[in-house]
Amino acid sequence: MIEMTILEMQQKMASGELTARSLTESYLKRIAEIDHAGPTLRSVIEVNPDALEIADTLDAERRESGARGSLHGIPILLKDNIDTADRMMTTAGSVALAGAPVQRDATVASKLRAAGAVILGKTNLSEWANFRSTHSVSGWSSRGGQTRNPYALDRNPCGSSSGSAVAVAANLCAAAVGTETDGSIICPSHINGIVGLKPTLGLVSRAGIIPIAHSQDTAGPMGRTVSDVAVLLSAMIGPDPRDPVTESAEQPPADYTRFLAADGLKGARLGVARNFFGYNPRGDQVIEEAIAAMREAGAEIIDPASLELPKEAVDGEMEVLLYEFKADLNAYLAERGPDSPVHSLAELIAFNEQHTDEVMPYFGQELVIMAEAKGPLTEEAYQQALEANRRFAGEEGIDALLRAHNLDAIVAPSGGPAWLIDYVNGDHHGGSSSSPAAMAGYPNITVPAGFVWGLPVGISFFAGAFSEPALIRLAYAFEQITQARRPPQFRATMNPADIHS
């Protein structure tokens, strides 16, 4: 089970060596021993009390009529901002929503159930998907506590999909689903040594997912390998009347695993976004070695191919997120039903103020208050910021760079190695290259590239809208030639012996 891919699990279930029940039991046991005890990772906020019953039903179905597909009987964890109409809660990590059931599954959850996945449980996250405070500590929520990095337990797991990344890295599930507005899949994936894919906006439905901003939000797959991510993505996609942006999207491939080509780098033209280097010298060296490996594998490297966003766009992104958080969260909370403790952003602010000791022991709710002060989405300030974001990041950013150099994709460091958990100063990120793809609504995949002092570092591949097939091909080929992932050892702190790793 440890480090086994989804396709390997399917082979063993087909031969009778494994069952959905035995897999589910093994993961539940490991969660109890490693996540809730032992190193106490706190990546799983809740396990599904019906998981074993679901697994038994899927095993019986396999015996009687065969498997539904590659996810049949595979235990998957969902981030705790994805609605599940079962005996689990959906809270975005906040005690403000604890105890309040949802009315129906998120579309992503229902698609995974239909594909035969076992919904194993929910993962912890940075509370409200890390859109609460200007001094937040990623991976902390009032409901789930502090998720810890499995490579060094005193290091931050990044967020907001912290629990999803840590659970995958620690082999507590076969794969997991995270969500991203800007960096919330990419950062925790690269810092925890796994593969994470932020899809094109509109490829995956957001219906039933607690939002930040509809112009950038998306769910995405997180796995230990590119093949696992391709399998999971294939089950998540498709049009959904509950999320109109999916109905205007391009028709996606039915199966992304057909793009897993070991020679996928041969003849590819890759641009190196040099402006994202310089955050960490050892991290930069890892990426330099990764670029050299891709060149050796037959890729044509265009260096530099920088992608710097103007200050207007960088500042404008926060403006857009504040406006949309108010509008989108109010709409979501209004649908949660009468049992919900809060029904609006204003009520959430009041709840947090009334429960300060429990909800805000380390940092406040500055972003929530700033969002509540914003007006409707018809205001000119919002409209101008949104237009600038899309233009600078998309048409005049990624699209222009791809055209100028005839590129298949842009590559960059996903970020720096994990920083220490710090409740005094809050997060101090080691850099990121996620913003252009996030703001443009374009896909981005991060793959393990190596280690800095025993801490994982990833490399990102991103390109234009609906370029997932090309990105999966490139990322898979890179993964095959480097085999950079190593499972975590759950050390208490960074090991000085790993200084040269």
Q: Any chance you could measure Asp217, atom CG, to Thr181, atom OG1, to the nearest 0.5 Å?
A: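 Spacing of CG (Asp217) from OG1 (Thr181) equals 3.5 Å.
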Q: When you measure from the side chain of Ser467 to the backbone N and O of Gly464, does any donor-acceptor pair fall under 3.5 Å?
A: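 Yes, the answer is positive, given that a donor and an acceptor are paired below the 3.5 Å cut-off.
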Q: Among Ile185, Ile186, Ile191, whose side chain to side chain contact (heavy atoms under 4.5 Å, CB included) with Ser189 holds?
A: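 Filter result, single survivor: Ile185.
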Q: Do NZ/NE/NH1/NH2 and the carboxylate oxygens of Glu347 and Arg336 come within less than 4.0 Å?
A: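 No, no charged N to carboxylate O under 4.0 Å.
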Q: Is Arg104 salt-bridged to Asp83, going by a charged N under 4.0 Å from an acidic O?
A: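 Salt bridge between Arg104 and Asp83, a charged N being under 4.0 Å from a carboxylate O: no.
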Q: Would you say the ring centers of Trp140 and Tyr423 fall short of 6.0 Å from each other?
A: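 They do not qualify: ring centres at least 6.0 Å apart.
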Q: Between Lys326 and Ala371 (side chain of the first, backbone of the second, donor and acceptor by atom type, cut-off under 3.5 Å), is there such a pair?
A: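 Between the backbone of Ala371 and the side chain of Lys326 there is no qualifying donor-acceptor contact (under 3.5 Å).
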Q: According to the interplanar angle, ranging from 0 to 90°, do the rings of Phe325 and Trp128 count as parallel (below 30°), tilted (30 to 60°) or perpendicular (above 60°)?
A: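 Judged by the thresholds at 30° and 60°, the geometry between Phe325 and Trp128 is perpendicular.
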Q: Could you check whether any side-chain N or O of Glu180 sits under 3.5 Å from a backbone N or O of Ala438, counting only pairs where one atom can act as donor and the other as acceptor?
A: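 No: the side chain of Glu180 does not pair with the backbone of Ala438.
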Q: For residues 353-362, which residue pairs pass the side chain to side chain donor-acceptor pair (under 3.5 Å) check, not counting sequence neighbours?
A: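 Counting only pairs at least two positions apart or across chains, no side chain to side chain donor-acceptor pair (under 3.5 Å) contact touches residues 353-362.
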Q: Are the side chain of Asp240 and the backbone N or O of Thr246 linked by a donor-acceptor pair below 3.5 Å?
A: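 Between the backbone of Thr246 and the side chain of Asp240 there is no qualifying donor-acceptor contact (under 3.5 Å).
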Q: Could you note down all residue pairs passing disulfide (SG to SG under 2.5 Å) where residues 152-181 supplies at least one of them, sequence neighbours left out?
A: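 Qualifying pairs, neighbours excluded: Cys158-Cys187.
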Q: Within the 3.5 Å criterion, strictly below it, is a donor on Lys79 or Ser161 matched to an acceptor on the partner's side chain?
A: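 Lys79 vs Ser161: donor-acceptor pair found between side chains.
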Q: Is it true that Asp315 and Lys311 make a salt bridge, defined as a side-chain N closer than 4.0 Å to a carboxylate O?
A: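 Result for this pair is yes, salt bridge flagged.
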Q: Looking at Asp86 and Lys122, is there a salt bridge between them, counting it only when a charged N and a carboxylate O are closer than 4.0 Å?
A: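 Answer for the salt bridge query: no.
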Q: Does Arg30 make a cation-pi contact with Tyr27, if we ask for NZ or CZ under 6.0 Å from the ring centre and within 45° of the axis?
A: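 No, a cation-pi geometry is absent between Arg30 and Tyr27.
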Q: In chain order, what residues pass the salt bridge (charged side-chain N to carboxylate O under 4.0 Å, His left out) check against Asp243, with sequence neighbours excluded?
A: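 Here the qualifying residues are Arg206.
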Q: Could you tell me if Arg486 sits above the aromatic ring of Phe451, with its cationic atom closer than 6.0 Å to the ring centre and no more than 45 degrees from the axis?
A: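 So Arg486 does make the cation-pi contact.
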Q: Can you measure from CG (Asp182) to CE (Met439) and round to the nearest 0.5 angstrom?
A: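 Asp182 CG to Met439 CE: 7.5 Å, rounded to 0.5 Å.
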